[in-house]
Each structure stands twice: as C-alpha cells, then as structure tokens.
Amino acid sequence: MSDIVLNEVSKSYGGVSVLDKVSMHIQSGEFIVFLGPSGCGKSTLLRMIAGLEQVNEGEIFIGDQRVDQLPPNERGVAMVFQNYALYPHMSVRDNMSFGLQNVGTPKAEIARRVDDAARMLEIGHLLDRKPAQLSGGQRQRVAIGRAIVRDPKAFLLDEPLSNLDAGLRVRTRLELAQLHNRIKATMIFVTHDQIEAMTLATRIVVMNNRRIEQIGTPMEIYSRPATRFVAGFVGSPQMNFIPVTAVTDAGGRAAVSFAGQSPVHTGVSFAQLPGSNLTLGIRAESAQISRDGQGIEGVAEVVERLGERTLVYTSLGENITLVAEDEGISGVQPGDRVHIAIDGNAAMIFDEAGKAYHAAG
Ligand code: ADP
Ligand code: MG
C-alpha cells in the first residue's frame, strides 16, 4: 500500500515562513482535501508532495520510500492542474499517450490504457479532437485521463474545478466522487471551497496561517471543530459567535449568559473551562425560532427565505445579532419580536485562544 506520510514539513521563501512543521498520515485510497483560505500554503504543500517545490525541513514518504529529495518523475504521483496544461497541437489521444511514450511504454500497452481511461471517463468519442475543440469540463476529464493512464500511487489536484462554471462544477465534482469510488486511488485535492471539501473528502485537512488547524472527516470538522477558525470557515451561514458575559456551573455543565438573556444551558463540562473571555458558538440550525414563547428573545431584522428553510437575523441587544433558522414557510417578518430555542448540546464554547470545548459524548 502507498500511504503518504508528512513529517514536520516546513517551507519558507526568502526567509518568510509559509508552512511550519506540517505532519499528516494519508492512508492509501483516501480522498484527502486540503481546505483553507487563499495564501495559507495549500498549493505549496501539494507541490512539495509532487516534487515541484523543495522542502526546507522535514520528510515526505510515499509507501516505504522517502521521496522528498527525489525528482517529480520518480515519486509515482500525478498532478492535475487547474489550467489543465494540455498540449494544444496534440489530439486528446496523443495528450494522454505522451507521458507513457516518454518512458518507453510499448505501443499496444499505451493504446490499452488510453482506451480504458477514455471509457472510464466517457471521452472515447473525443480521442481524435484537439483541446480547443473541447468544453472546459471535457478538458478537465482529459487532464484526469492523462493522469490515470500513468497508474499513479496518488492523484494530486490543485483547485481543478475552479475554472468551470457553476453548473459544470457541481457535475464534475460528482464525477470525481464517482471516479474515486471506482478506482479507489489516493487523491489529494486542494480547494478553498468548503462545499467541495465537505462533499468530496474522506478526511479534510483544514489549514490556516502556515499550520494545520484540524484533520477530520467532514462531519467531525462540521460538528466538532477543534478551533474557532475551523468552526467559522466551514458551514453556511457562518456559525454565530457570541461573547459570553458570565458562565455558571449547572449540574456540571456550563450555562452561559449574554446580552441580558436567560442563560443558555450547554452540554460542555464546566470544570474544564477557563473562567473568562469565552465565546459561545451556535450554528443557525441549532437556534430555531420557537412558537411557545420559550428561549432567548430578540427582534427579527432581516428575513432570508431560502426555500427549504428561512434564516432570521435577530438582534438580541447589546449589538449582538444571531442568525436563527425557521421553517421554509415562515410567518416571521422584519421587526417581529421572536423567541429562539437553542440546542445546548450542539452549542460549543471557545476560549480566548480559539480552542473549542464541546458537549461531552
Ligand atoms: P494557497 O494555495 O493556499 O492559496 P500558496 O501555497 O500558493 O497558498 O502560497 C502560500 C504562501 O506562499 C503565500 O503567502 C504565497 O504568497 C507564498 N508563495 C507561494 N509561492 C511562492 C514563491 N514561489 N515565492 C515566494 N512566495 C511564494
Ligand atoms: Mg493555491
């Protein structure tokens, strides 16, 4: 099996550090997504795995082999670029064959692999065309096909969907998921788009500011973010962050107060919390408009009707706005006084450094 292991990998450009002691263990066959804001070092990290950038410190292993000093063509990985990098004067077949011809693969073997990949990607009817005669989505498939024929130990994809228009992006995303299900190859996919990360990844590596914030399955990242950064980066609308003015012990669990509201009872263990500078984190779906007059109280300011649900931006006083959720068909109008029931077990608390505390179990 060819697991990919990164051991305290660091990188700087001209004395400016862009990645600081990044470590991870990618299992063979995983679909790993590097997710983070622009400039956080995702592409640099991917390019170091591919061998297109040198590491300054640390080790990279693919399978049993240490590869960080090897040239790209000896690492057995295939990179798929955002701009496809197809040769414009060559047919699709020649684009897909080129890399294998260069390493002296027999002609019949090349033809077999290209035909297999073309069938898998449903581009068999395009093999005689030139890239200019293809749509963006078709070029993307050719670029992936060119990687598939090399039978790499891993596919490295850097924002491969970002040049596609919205509809095609969703379709290509689905195709990529299906392709991974079929060929079960290790894939490392870079994106700043949380939806792509949530939908494609077996595990997401959330990166920020030169470091890994968290590695986890999409639902771990979503439901139990390790830090305030992760909590705010994943999920739409963004999680509500509310400064807590007081925290009390309610039977071992923390009850938090803010904006003169009745305390919100969370599932977070009181004993482990620092005493001050806490922030409550609640997703909109855990703050439901209630009809029984229970819960915290505020005034609806903006009502966004999304069809299947309604978002109610609610002023709680003291300059605090909470995005709450209501059913798709909602009678709430701007200016209405509303009550909001908070699901305390889904609420989380962040300390001053941004570390998250979750409900026990
Ligand atoms: P991302 O892909 O997450 O948007 P990059 O890996 O491209 O981020 O870049 C990470 C940081 O490294 C950025 O601050 C970027 O400006 C810097 N950087 C990337 N490549 C170079 C380079 N060749 N020379 C100098 N700085 C670079
Ligand atoms: Mg990038």
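Quick note: residue numbers are just sequence positions, from 1. Remember, it's 1-based here, ligands and their atoms both numbered in the order they're listed.
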Checklist entry - Given F350, which of F241, Y357, F229 fulfils the side-chain contact (heavy atoms from CB on, under 4.5 Å) condition? => result F241

Checklist entry - Between T191 and E196, is any side-chain donor less than 3.5 angstrom from a side-chain acceptor? => result yes

Checklist entry - Quick one: do the H339 and Q294 side chains pair a donor with an acceptor below 3.5 Å? => result no

Item to check | N, O or S from S43 under 2.8 Å to the Mg ion (ligand 2) | outcome: yes

Checklist entry - Hey, is the main chain of L45 close enough, under 3.5 Å, to the side chain of E53 for a donor-acceptor pair? => result no

Next on the checklist: Is it the case that the side chain of N240 and the backbone of L322 share a donor-acceptor pair, with hydrogens and angles ignored and the cut-off at 3.5 Å?
Outcome noted: no

Checklist outcome for this item: Output for ligand 1, non-hydrogen cut-off under 4.0 Å, lists Y13, V18, P37, S38, G39, C40, G41, K42, S43, T44

Checklist entry - Could R173 and F189 be counted as a cation-pi pair, given that NZ or CZ must be under 6.0 Å from the ring centre and within 45° of the axis? => result no

